[in-house]
Amino acid sequence: MTDSVLVQLRRNVSATAWGFSIQGGQEHGSCIFIQKVKPKSIADRSGLRVGDGVEQIGHTPTQYLRHDQAKMEIIRAGNDLDLYVRRNAVNVSGSNTVTPENSYVVEDSTDYRGYTNPNVQSRSFKILQDSLQYTEVQEGK
C-alpha cells in the first residue's frame with residue numbers, strides 16, 4: 001500500500017496558472033486524479049505527477065466529492081494549495097481510462113482581458129442594491 005504524499009503548490013499571484021488538470025469525481029465513479037501536468041509549471045516544479053490520485057485538497061477529503069466540488073476546493077485554496085496524493089493511483093497512459101469527455105477541467109486563465117467599465121454592474125449586484133434600497137424605504141415610513 002502506498003502512503004499519501006503532500007504536494008505543496010505556491011504562487012505569488014492568482015493570475016499564474018497552477019499548470020495541471022484534474023479528472024474524475026463521484027459522478028464519474030472514479031477518484032479525482034491528475035490528468036495533465038504542464039511542463040515547467042508550478043505543479044511540475046512542485047512534484048505533481050500525471051496519474052496521482054488526489055486524496056485530499058487542503059483539509060477536505062475528496063472521496064465523495066463531485067468533480068465541480070473538487071474544482072471549487074482548488075479555487076478556494078487561493079495561492080497556497082496543498083494536495084495529498086497517492087502516487088500512480090490511475091493509469092492514464094493506456095486506453096483503459098474511459099471517462100466522459102467533459103469530466104476534466106483545464107484551469108481557466110485569469111489574464112487581463114482588456115478594459116472593464118467601472119460603471120457597469122452585474123445583474124446580481126443591481127438586484128441586491130435595489131433590495132437594500134427597498135428595505136431602507138420601508139423602514140423610513
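All heavy atoms count here, side chains included; hydrogens, waters and symmetry mates do not. Owing to the predicted nature of the structure, the values given are computational and were not obtained by experimental measurement.
Between the side chain of Arg45 and the backbone N or O of Leu9 there is no donor-acceptor pair closer than 3.5 Å. Of the possible polar contacts, none joining the Arg66 side chain to the Gln26 backbone as a donor-acceptor pair under 3.5 Å is found. Using a distance-only test at 3.5 Å, with no hydrogens or angles considered, no donor-acceptor pair links the side chain of Ser46 to the main chain of Ala43. Side chain of Glu27 to backbone of His67: a donor-acceptor contact under 3.5 angstrom is found.
Connectivity analysis of hydrophobic side chains (ILVMFWY, heavy atoms under 4.5 Å, direct or indirect) links Met72 to Ile75. By the 4.5 Å side-chain criterion applied to Ile, Leu, Val, Met, Phe, Trp and Tyr, Val13 is assigned to no cluster and stands alone.
No continuous path of hydrophobic side-chain contacts links Ile34 to Tyr84 [ILVMFWY only; heavy atoms under 4.5 Å]. Cluster annotation: Ile74 is not connected to Leu65 through the hydrophobic network of ILVMFWY side chains, with a link wherever side-chain heavy atoms come within less than 4.5 Å.
Within the model, atoms SG of Cys31 and CD of Gln23 stand 10.0 Å from one another, a figure rounded to the nearest 0.5 Å. To the nearest 0.5 Å, atom CD of residue Gln8 and atom CG of residue Asp82 are 5.0 Å apart.
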Derivation of the side chain to side chain contact (heavy atoms under 4.5 Å, CB included) call for Arg87 and Val5
CA-CA 8 Å; Arg87 297 292 187 198; Val5 175; 3.8 Å; yes
message = Quick one, Val37 with Trp18, criterion side chain to side chain contact (heavy atoms under 4.5 Å, CB included). Give me CA distance, side-chain angles, the key distance, then yes/no.
response = CA-CA 9 Å; Val37 176; Trp18 291 120; over 6 Å; no
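For the side-chain contact (heavy atoms from CB on, under 4.5 Å) with Phe33, the lone residue among Thr62, Ile22, Val50, Val90 that qualifies is Val90.
Around atom CG of Asn12, no more than 12 heavy atoms belonging to other residues, nucleotides or ligands sit under 6.0 Å away.
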